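Input: a single structure, listed below in structure tokens.
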Amino acid sequence: MSTVLRLSEKLENLTWAGRIAQQLKEEIDGLLQAGSLSIPKEPGGWWHQYVCPHHHTELTFDSMQVDAADFHCPHGCVIEGEEYHGAWLVFKHQSLARVALQAAAVYAALGEVSYASLSKRLLVEYAEQFPLYPVHPEAQSWMLKGRAFHQALTEAIWSTTLIRAYLLLRDEGVAFAVAEQAAIDAFLGLLAGSMEEYRHILIHERNNAENNYTAWLNASLSCVYAARGEQAALEALIEGQGGFKHHLSIGVKPDQMEFEGSTYYHVFVLRAYLISAEMAQRFGIDLYATTGAEGQSMRGMLEVLADLADDQGALPALHDGPLAREPYAREIAEIAEQGLAIYGIAGLAPVLREAYRQLGAAGGEQLEALLYGSGAAAGVTSPGPRPARLWPDSGFVLGRVAGNPLSFLADFGEHGGSHGHYDKLHLTLMHNAQTLTPDLGMVPYGSSMRKSWFVETASHNTVSLDGLSQAPHEGRCVRYEATESSVYAWLQSTDGYEGCTLNRHLLLTEDWLLDWYQVELAGEEPRSIEWWMHPVVETNAPLQARERDQDDKILGRFLHDTHLHASYMLATQATVFHTVFVQPGDELLAVQTPGDAIDPSKPLTAMLHRRQDRRADFIHIYRSGSRAELTKHSANELVVTVPDHSVSPVRMQLTSEDGLLFT
């Protein structure tokens, strides 16, 4: 399978390539004028510590700086400390590696020798400095320690960028002096030794070959072997235990999702795979069409992303992973460009456009476009309607019905290991104009809010008991049925709380979405059963505000009789209407919570539907454009109508054997 065009061919065949190369050249010129392209003599730390301890937002990084002693929060905090400087150095080292690759690409595209010289200088200086970095004495005990960084993982990622720059220069005929080549050879040898040692620890000592680390150690070694022309070593890496083919078989589920159930780590591992494939192709080895033992493939992983994205192209933050951040957007752009250029997956066009929007480059003026792009996204105005999807191995279900601007994504699968959240039966509600109730994402791991809020059940759109989080566990999909006019999913959890069964019934029709969440407790004592919803837009519903103590987050009670009628105005002025069936003894509260992971200091208002009982039925319905009504005829019978509308009433019955039956 062929990959994208070489840069010289792009300049000849694609009108946009020259424009982007010129813009990338000007970006480098700005860095040169600022005097910021000097290699730090200190190793980097752990980037996850680059977070404000007060606002829990990521600190700002300016690549124009040569060094920094204080670090700035977007809210004005000025932070000092060695751990922050170490994290800053991670970004600095990574940005310089990117400049080395960018300068090599500018030379390949425009032929200006000074940019080849700049790239070569950065490469040689890093090669000379690398042996001087110690195996990191300050790394945390659980890490595989690197030299240039706390983590060997960060080192592997950084090294692939440098080696790709080196290979691109060689491809363009750039020569290295004897001493320069000797320094690079020494760097490659030392790097290979480290990566091979860490692979052995992960695969053989820790019996953890499926770890996402392994994919990046493989990618780094693939780059080393390509640079040294070691085909036999690369072939052994591809075929051996923990190698490319084995990792694809154990690190990815048969339904094509990365085994941790995290969108972020799915992208992370897929990018490593694509780098390994790029290196293998240099020896005439085609990994692009390789499949795992149960059909896993890079194409399949890319198609998952095209399916998961909302209608704006934004990817959900399932389990650990940011909602949005610049380095992540670059990673998404890199793999989406290749997905379009190599595999022709039109559904990635919105994903790519959204990544570039986040980078402030709506026209794709980025290195990823120049290196990996074919311009295919520009020709895709819309990828067309997308069907409902069930990922049975990973435990996600996506509901879509043609004609209804609403859709949903729900989580019932495995916990996700160290990157999992206590979020079984979480519901993301989407409108084609905006995602209304996203998973709120994850802050950098150095923030205390990682464990105190963002992994917890109450931060998700699901049910908690007595204010406690679920135990780590796996739910199941009892029934899934998708037709042209409806999608029904019955999701169940029995291990989140002892003696508690959670059943969530989701029915999406051409006109509305019904969410019937039923909770049953086996014990004799009533408990506080808490249904959470976290909209990212303001709720328009009558609220009786209350005076609050400083630590009291309850803003007030929503006013209602047998129903609560709420609505949400979205970014395009579209309105989603929300009707809640309220039973005697139910409470409907407005609760102030932290914001999303981009900025937790900007609070959101959650809806808490709460009942003190041994059983609860939380029945909610959503409709775009106007309201849908709920009428309960008996404990397990319900009718949905749309006033002043031609849509026929829908009668449904909830049964213990078949779930929701509807006509």
Side-chain angles (χ1 to χ4, degrees), residues 1-4 160 209-219 221-222 234-235 237-309 315-316 318 331-352 372-374 376-377 380 383 386-398 413-414:
M1 181 180 292
S2 63
T3 58
V4 295
T160 64
E210 71 275 14
N211 198 301
N212 60 64
Y213 259 62
T214 310
W216 276 102
L217 299 177
N218 289 345
L221 282 170
S222 295
L234 182 63
E235 289 174 345
L237 180 66
I238 291 168
E239 299 292 340
Q241 186 177 359
F244 182 91
K245 292 181 179 179
H246 184 221
H247 195 274
L248 183 62
S249 297
I250 62 174
V252 180
K253 298 278 192 180
D255 59 17
Q256 308 293 343
M257 293 189 76
E258 195 266 346
F259 82 101
E260 294 163 294
S262 159
T263 317
Y264 174 78
Y265 285 100
H266 183 97
V267 170
F268 188 66
V269 167
L270 177 54
R271 181 169 174 247
Y273 286 167
L274 285 164
I275 291 171
S276 293
E278 178 187 333
M279 296 302 117
Q281 192 176 54
R282 289 177 166 272
F283 296 101
I285 301 168
D286 181 10
L287 295 182
Y288 292 101
T290 296
T291 57
E294 297 181 86
Q296 301 95 325
S297 68
M298 289 190 288
R299 172 187 282 277
M301 294 180 73
L302 287 159
E303 288 172 341
V304 163
L305 298 175
D307 284 335
L308 278 175
L315 294 171
L318 303 175
E331 293 169 10
I332 293 169
E334 181 176 319
I335 65 170
E337 287 283 17
Q338 292 178 79
L340 281 156
I342 299 169
Y343 299 102
I345 301 170
L348 290 171
V351 176
L352 181 61
Y372 313 112
S374 63
V380 181
R386 294 177 291 167
R389 284 290 309 271
L390 172 67
W391 288 277
D393 306 297
S394 301
F396 297 97
V397 59
L398 178 61
E414 292 182 15

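Sequential numbering from 1 along the given sequence is applied to the chain's residues. Because the structure is a prediction, the values reported are computed rather than measured.
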Walk me through it: do Arg389 and Glu303 pass the test salt bridge (Lys or Arg N to Asp or Glu O under 4.0 Å)?
CA-CA 11 Å; Arg389 284 290 309 271; Glu303 288 172 341; over 6 Å; no
Backbone N/O of [Y] and side chain of [X]: donor-acceptor pair under 3.5 Å:
| X | Y | result |
| --- | --- | --- |
| Asn218 | Gly242 | yes |
| Thr291 | Ser297 | no |
| Thr214 | Ala209 | yes |

After noting the C-alpha distance and the side-chain angles of Glu294 and Gln296, does the key distance pass the side-chain contact (heavy atoms from CB on, under 4.5 Å) rule?
CA-CA 6 Å; Glu294 297 181 86; Gln296 301 95 325; 3.7 Å; yes
Using 0.5 Å steps for rounding, measure from the [atom1] atom of [X] to the [atom2] atom of [Y].
| X | Y | atom1 | atom2 | answer |
| --- | --- | --- | --- | --- |
| Thr160 | Met279 | OG1 | CE | 8.0 Å |
| Lys253 | Trp391 | NZ | CH2 | 15.0 Å |
| Leu308 | Leu318 | CG | CG | 6.0 Å |
| His246 | Ile238 | NE2 | CD1 | 15.0 Å |
| Tyr372 | Leu274 | OH | CG | 9.5 Å |
| Leu305 | Ile332 | CG | CD1 | 8.0 Å |

Do Ser394 and Asp255 have side-chain N/O donor and acceptor atoms under 3.5 Å apart?
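Indeed, the side chains of Ser394 and Asp255 share at least one donor-acceptor pair under 3.5 Å.
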Assess the side chains of Asn212 and Glu260: does a donor N or O sit below 3.5 Å from an acceptor N or O?
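There is such a pair between these side chains.
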Given side chains that start at C-beta, do those of [X] and [Y] come closer than 4.5 Å, heavy atoms only?
| X | Y | value |
| --- | --- | --- |
| Tyr288 | Glu278 | yes |
| His247 | Val269 | yes |
| Ser222 | Ile275 | no |
| Leu287 | Gln281 | no |

Where is the tightest heavy-atom contact between [X] and [Y], given as atom of each residue plus distance?
| X | Y | result |
| --- | --- | --- |
| Phe244 | Tyr273 | CE1-O, 3.6 Å |
| Met301 | Gln256 | CG-O, 3.5 Å |
| Leu302 | Ile335 | CD2-O, 3.6 Å |
| Leu248 | Gly292 | CD2-N, 3.6 Å |
| Ile250 | Phe259 | O-CB, 4.3 Å |
| Asp307 | Leu398 | O-CD2, 3.3 Å |

Is there a side-chain contact (heavy atoms from CB on, under 4.5 Å) between Asp393 and Met257? Walk through the geometry before answering.
CA-CA 8 Å; Asp393 306 297; Met257 293 189 76; over 6 Å; no
Parallel, tilted or perpendicular, judged at 30° and 60°: which one describes the rings of Trp216 and Phe268?
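Rings of Trp216 and Phe268: tilted, 30 to 60°.
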Between Leu348 and Ile345, does a side-chain contact (heavy atoms from CB on, under 4.5 Å) hold up when you go through it step by step?
CA-CA 6 Å; Leu348 290 171; Ile345 301 170; 3.9 Å; yes
